[in-house]
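All values below come from the heavy atoms of this structure, side chains included, with hydrogens, waters and symmetry mates left out. A quick note: this is a predicted structure, and the numbers were derived from the prediction, not measured.
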Amino acid sequence: MTDAAALPGQPRGGVLAGPATPRAVNVLAPNASAMTLDGTNTWILSEPDSDLAVVVDPGPLDQGHLRNVVDTAEQAGKRVALTLLTHGHPDHAEGAARFAELAGTKVRALDPALRLGDEGLAAGDAVRVGGLELRVVPTPGHTADSLSFHLPADRAILTGDTILGRGTTVVAHPDGRLGDYLDSLRRLRSLTVDDGVHTVLPGHGPVLEDAQGAVEFYLAHRAHRLAQVETAVENGYRTPEQVVAHVYADVDRSLWPAAELSVRAQLDYLEEHGLI
């Protein structure tokens, strides 16, 4: 049995749902799959002495899950005052409009198409509800609209799909771009070095106790995969399908369609930089 402390980012063992930090509680959506891991993490955030809460990523359009999120907040004496989205993929955002009806909130997101209300989200914004402060960190790459939320009081960062609690994420070509993703990882690394962020509250999988270690692992993984793709092309594997079959031969074939998205993003990156 592998010691969790030896794994990248030091994933926290035990039950995924429930309190994660003094200000963050996870309500796990029942949508587990190879792509969503144990399911989507829906985060309820609130100052301990406040009766107002923020929900990040209501998750899929699952009435039972959405109701459970509202009930979990209410049982803790909280009223959901605002809904935020890390990005627009259905497993994070499909239930947002219905959740907003149930909770009576607005929805703020980077993508105007996902918003309910006049306010969006942008780099440098600070969201404040009931004494809670969240700082908006642009982290495009997985998707163009991906955001992370820095929770300074808990020295934590909510990363959506930019960093997962287990494994690595997909750069979802063509919307996602590898150059943007690498820049986003470096931005997150700066938060761990300069702002003391040590905990990752991911969109899927367990909480990570070593944020800097997680980011460094992701950067190293991306550099390794990029080198593998470059070498594969040099050896005559030209199409994305050929590169996936060669480079990802040890990966479950059910994940090859997702791997192909990342390979396409890597091929674009290599072409843009004149490397192939």
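Residues satisfying the side-chain contact (heavy atoms from CB on, under 4.5 Å) criterion with Asp194, sequence neighbours excluded, are Ser190. In this structure, the side-chain contact (heavy atoms from CB on, under 4.5 Å) partners of Ala20, at least two apart in sequence or on a different chain, are Arg12, Trp43, Leu201, Val207. Judged as a side chain to side chain donor-acceptor pair (under 3.5 Å), and not counting sequence neighbours, the contacts of Arg225 are Gln228. Every residue meeting the side-chain contact (heavy atoms from CB on, under 4.5 Å) condition with Asp252, not counting sequence neighbours, appears here in chain and number order: Ser254, Leu255. By the side-chain contact (heavy atoms from CB on, under 4.5 Å) test, Ser46 is found to be paired with Ser50, Ala53, Lys78, residues two or more places apart in sequence or in another chain being considered.
No donor-acceptor contact under 3.5 angstrom links the side chains of Asn31 and Asp91, judged on distance only. Using modelled atom types and a 3.5 Å distance limit, the side chains of Asp57 and Thr42 yield no donor-acceptor pair. Thr143 and Ser146 share a side-chain donor-acceptor pair at under 3.5 Å. In the model, Asp145 has no side-chain atom that pairs as donor or acceptor with a side-chain atom of His87 under 3.5 Å. A donor-acceptor pair shorter than 3.5 Å can be found between the side chains of Thr139 and Ser148.
Between Glu272 and Asp268 the shortest side-chain heavy-atom distance falls below 4.5 Å. Side-chain contact check for Val27 versus Ile44: some heavy-atom pair is nearer than 4.5 Å. Side-chain contact between Thr162 and Leu188 is present, with at least one heavy-atom pair separated by less than 4.5 Å. Between Arg189 and Leu185, every side-chain heavy-atom pair lies at or beyond the 4.5 Å cut-off. A 4.5 Å side-chain heavy-atom check between Glu209 and Val200 finds every atom pair outside the cut-off. Counting heavy atoms from C-beta on, the side chains of Arg128 and Leu132 never come closer than 4.5 Å. Contact annotation: the side chain of Leu182 approaches that of Arg186 to within less than 4.5 Å [non-hydrogen atoms, C-beta and beyond].
For the pair Asn235 (side chain) and Ala232 (backbone), a donor-acceptor distance under 3.5 Å is absent. Checking side-chain atoms of Gln242 against main-chain N and O of Thr239 turns up a donor-acceptor pair under 3.5 Å. A donor-acceptor distance shorter than 3.5 angstrom exists from the side chain of Thr21 to the backbone of Ala24, with no hydrogens or angles considered. Remark: the backbone N or O of Pro58 is paired with a side-chain donor or acceptor of His65 at under 3.5 angstrom.
Contact between His150 and Pro152 at its shortest, heavy atoms only, is O-CD, 3.1 Å. Taking both residues in full, the closest heavy atoms of Pro202 and Ile163 are given as CB-O, 3.5 Å, listed atom of the first, atom of the second, then distance. Nearest heavy atoms, Val80 versus Ala73: CG2-CB, 3.9 Å. Contact between Pro11 and Pro8 at its shortest, heavy atoms only, is CD-O, 3.6 Å. The shortest heavy-atom contact between Ala123 and Pro138 is CB-CG, 3.6 Å. The two atoms that bring Ala265 and Val171 nearest to each other are CB-CG1, 3.6 Å, heavy atoms only.
Here the CD1-CG distance, from Ile276 to Leu270, works out to 5.0 Å after rounding to the nearest 0.5 Å. Taking OG1 from Thr192 and CZ from Arg155, the interatomic distance works out to 10.5 Å, rounded to the nearest 0.5 Å. Atom CG of Leu151 is separated from atom CD1 of Ile157 by 9.0 Å, given to the nearest 0.5 angstrom. Between the CG atom of Leu208 and the CD atom of Gln10 there is a distance of 9.0 Å, given to the nearest 0.5 Å. Rounded to the nearest 0.5 angstrom, His89 NE2 and Thr36 OG1 are separated by 13.0 Å. If you take NE2 on His142 and CG on Leu147, they are separated by 12.0 Å, rounding to the nearest 0.5 Å.
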Residue pair Asp154, Thr199: steps toward the side-chain contact (heavy atoms from CB on, under 4.5 Å) verdict: CA-CA 8 Å; Asp154 284 349; Thr199 301; over 6 Å; no
Using side-chain contact (heavy atoms from CB on, under 4.5 Å), reason through Val247 and Val263 one step at a time and then give a plain yes or no. CA-CA 9 Å; Val247 173; Val263 165; 5.9 Å; no
Passes side-chain contact (heavy atoms from CB on, under 4.5 Å), Arg222 versus Leu226? Steps please. CA-CA 6 Å; Arg222 282 297 164 199; Leu226 194 61; over 6 Å; no
Given Asp71 and Arg67, is the salt bridge (Lys or Arg N to Asp or Glu O under 4.0 Å) satisfied, shown in steps? CA-CA 6 Å; Asp71 290 346; Arg67 184 73 254 175; 3.3 Å; yes
Hey, mind stepping through Phe149 and Val136 against side-chain contact (heavy atoms from CB on, under 4.5 Å) and telling me if it holds? CA-CA 5 Å; Phe149 298 103; Val136 178; 4.0 Å; yes
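Other members of the cluster containing Leu16 are Leu28, with ILVMFWY side chains joined at under 4.5 Å, either directly or via other members. Residue Val107 belongs to a hydrophobic cluster whose other members are Leu85, Leu114, Leu116, with links defined by side-chain heavy atoms closer than 4.5 Å.
The side chain to side chain contact (heavy atoms under 4.5 Å, CB included) test with Leu45 singles out one residue from Val127, Leu158, Val25, and that residue is Leu158.
Val197 and Leu164 fall within a single hydrophobic cluster, where Ile, Leu, Val, Met, Phe, Trp and Tyr are joined by side-chain heavy atoms under 4.5 Å apart, directly or via other members. Val193 and Leu219 are not part of a single hydrophobic cluster, where members link through side-chain heavy atoms under 4.5 Å apart. Note: the hydrophobic cluster containing Val137 does not contain Leu110 (ILVMFWY, side chain heavy atoms under 4.5 Å, direct or indirect links).
Here salt bridge (Lys or Arg N to Asp or Glu O under 4.0 Å) pairs that include residues 28-55, with residues two or more places apart or in two chains, are Arg23-Glu47, Asp38-Arg166. Sorted by first and then second residue, the side-chain hydrogen bond (donor to acceptor under 3.5 Å, both in side chains) pairs involving residues 109-120 (not counting sequence neighbours) form an empty list. Applying the ring-ring contact (aromatic ring centres under 6.0 Å, His included) definition to pairs two or more places apart or across chains, those involving residues 243-276 are Tyr237-His246, Tyr269-His273. Residue pairs meeting the ring-ring contact (aromatic ring centres under 6.0 Å, His included) criterion with at least one member in residues 176-226, sequence neighbours excluded: His92-His204.
Counting non-hydrogen atoms of other residues, nucleotides and ligands closer than 6.0 Å to CZ of Arg253 gives a total of 12 or fewer.
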I'd like a table of donor-acceptor pairs (distance under 3.5 Å, sequence neighbours excluded) in which one partner is a side-chain atom from residues 99-106, with atom names and distances.
unit_1	atom_1	unit_2	atom_2	d
Glu101	OE1	Arg98	NH1	2.8
Thr105	OG1	Thr83	OG1	2.8

